[in-house]
Amino acid sequence: IKSFADTTTEKIFRNQPLTKKELQVWQPKLQKALARLDILNISSEKDLLLTPSYHYHTLHNGRYLIDAESRKSKWRITFHWHDDELQDLALVKIEDTH
C-alpha cells in the first residue's frame with residue numbers, strides 16, 4: 001500500500017490509536033477491516049481477481065473496490081492501482097438511498 005485517502009484508514013492499517021468518534025464507528029468491524037487491508041497489502045490484482053469472496057471490481061470513476069467485510073456489509077474499500085501499487089485507499093460506507 002503506497003498511500004491512503006484518509007487518516008482513519010491509515011490508522012486502522014498501521015494499528016494506531018483511534019479517536020473516540022472513530023472507535024464508535026469502527027469498533028464492531030475493526031478486525032475485519034484490518035484483515036482486508038492486510039490482504040490488500042500483499043495481493044496483486046490477479047490475486048484479487050481470483051478470489052471471488054472479495055467482490056473485486058472497477059467503479060465508474062476509475063477506482064477499484066472490494067468488500068470490507070462481506071457482501072452484506074455496507075462498507076467497502078476503494079483504491080487506485082498505480083504501477084502495481086495500491087494508492088488512495090479508503091474505507092467507505094455505502095449509504096442507503098431508500
Side-chain angles (χ1 to χ4, degrees):
I1 297 173
K2 188 172 182 174
S3 65
F4 295 86
D6 64 275
T7 57
T8 303
T9 304
E10 184 171 12
K11 287 192 315 191
I12 290 170
F13 177 71
R14 299 197 189 290
N15 205 20
Q16 296 173 342
L18 300 177
T19 66
K20 284 184 181 183
K21 185 177 180 181
E22 291 168 335
L23 274 174
Q24 209 172 23
V25 171
W26 284 103
Q27 191 60 48
K29 51 199 132 319
L30 195 57
Q31 292 306 315
K32 288 182 181 179
L34 178 57
R36 285 287 205 244
L37 290 170
D38 285 340
I39 287 166
L40 280 173
N41 190 43
I42 62 170
S43 295
S44 67
E45 186 169 17
K46 183 179 178 182
D47 296 332
L48 298 176
L49 286 167
L50 294 174
T51 311
S53 62
Y54 300 152
H55 302 282
Y56 172 71
H57 64 278
T58 307
L59 299 173
H60 296 293
N61 60 4
R63 290 181 70 78
Y64 295 84
L65 171 142
I66 69 166
D67 292 336
E69 294 180 90
S70 68
R71 196 68 187 147
K72 294 178 183 176
S73 170
K74 291 186 182 222
W75 290 95
R76 306 291 183 261
I77 301 172
T78 65
F79 51 90
H80 285 286
W81 285 104
H82 181 70
D83 295 333
D84 293 331
E85 290 185 318
L86 298 169
Q87 293 187 337
D88 301 323
L89 259 77
L91 287 159
V92 294
K93 185 173 184 180
I94 308 300
E95 296 292 341
D96 212 357
T97 57
H98 295 72

ILVMFWY cluster, Leu50 and Ile39 together (side-chain gap under 4.5 Å)
no
Using 0.5 Å steps for rounding, measure from the CZ atom of Arg76 to the CD1 atom of Ile66.
10.0 Å
Asp83 side chain to Glu85 main-chain N or O, any donor-acceptor pair under 3.5 Å?
no
Please lay out, stage by stage, how Leu49 and Tyr56 fare under the test side chain to side chain contact (heavy atoms under 4.5 Å, CB included).
CA-CA 6 Å; Leu49 286 167; Tyr56 172 71; 3.6 Å; yes
Counting only N and O atoms by type, is there a donor-acceptor contact under 3.5 Å from the side chain of Asp47 to the main-chain atoms of Ser44?
yes
The criterion is salt bridge (Lys or Arg N to Asp or Glu O under 4.0 Å); which residues satisfy it with Lys32, sequence neighbours excluded?
none
Sorted by chain and number, sequence neighbours left out, side chain to side chain donor-acceptor pair (under 3.5 Å) with Tyr64 holds for none
Hey, mind stepping through Asp88 and Thr78 against side chain to side chain contact (heavy atoms under 4.5 Å, CB included) and telling me if it holds?
CA-CA 8 Å; Asp88 301 323; Thr78 65; over 6 Å; no
Taken to the nearest 0.5 Å, the spacing of Asp38 CG from Ile1 CD1 works out to 7.5 Å
Can you check side chain to side chain contact (heavy atoms under 4.5 Å, CB included) on Lys2 and Leu86, steps first, answer last?
CA-CA 6 Å; Lys2 188 172 182 174; Leu86 298 169; over 6 Å; no
Without placing hydrogens or testing angles, list every side-chain donor-acceptor pair under 3.5 Å for residues 11-19, not counting sequence neighbours.
| unit_1 | atom_1 | unit_2 | atom_2 | d |
| --- | --- | --- | --- | --- |
| Lys11 | NZ | Glu22 | OE1 | 2.8 |
| Lys11 | NZ | Glu22 | OE2 | 3.3 |
| Arg14 | NE | Glu10 | OE2 | 3.0 |
| Arg14 | NH2 | Glu10 | OE2 | 3.4 |
| Thr19 | OG1 | Glu22 | N | 3.1 |
| Thr19 | OG1 | Glu22 | OE1 | 3.3 |

Separation between CZ (Arg36) and OG (Ser53), nearest 0.5 Å, reads 5.5 Å
Around Asn61, counting heavy atoms of other residues, nucleotides and ligands shown, do more than 12 lie under 6.0 Å from its CG?
yes
Could you walk me through whether Ile77 and Leu37 pass the side chain to side chain contact (heavy atoms under 4.5 Å, CB included) check?
CA-CA 8 Å; Ile77 301 172; Leu37 290 170; 4.0 Å; yes
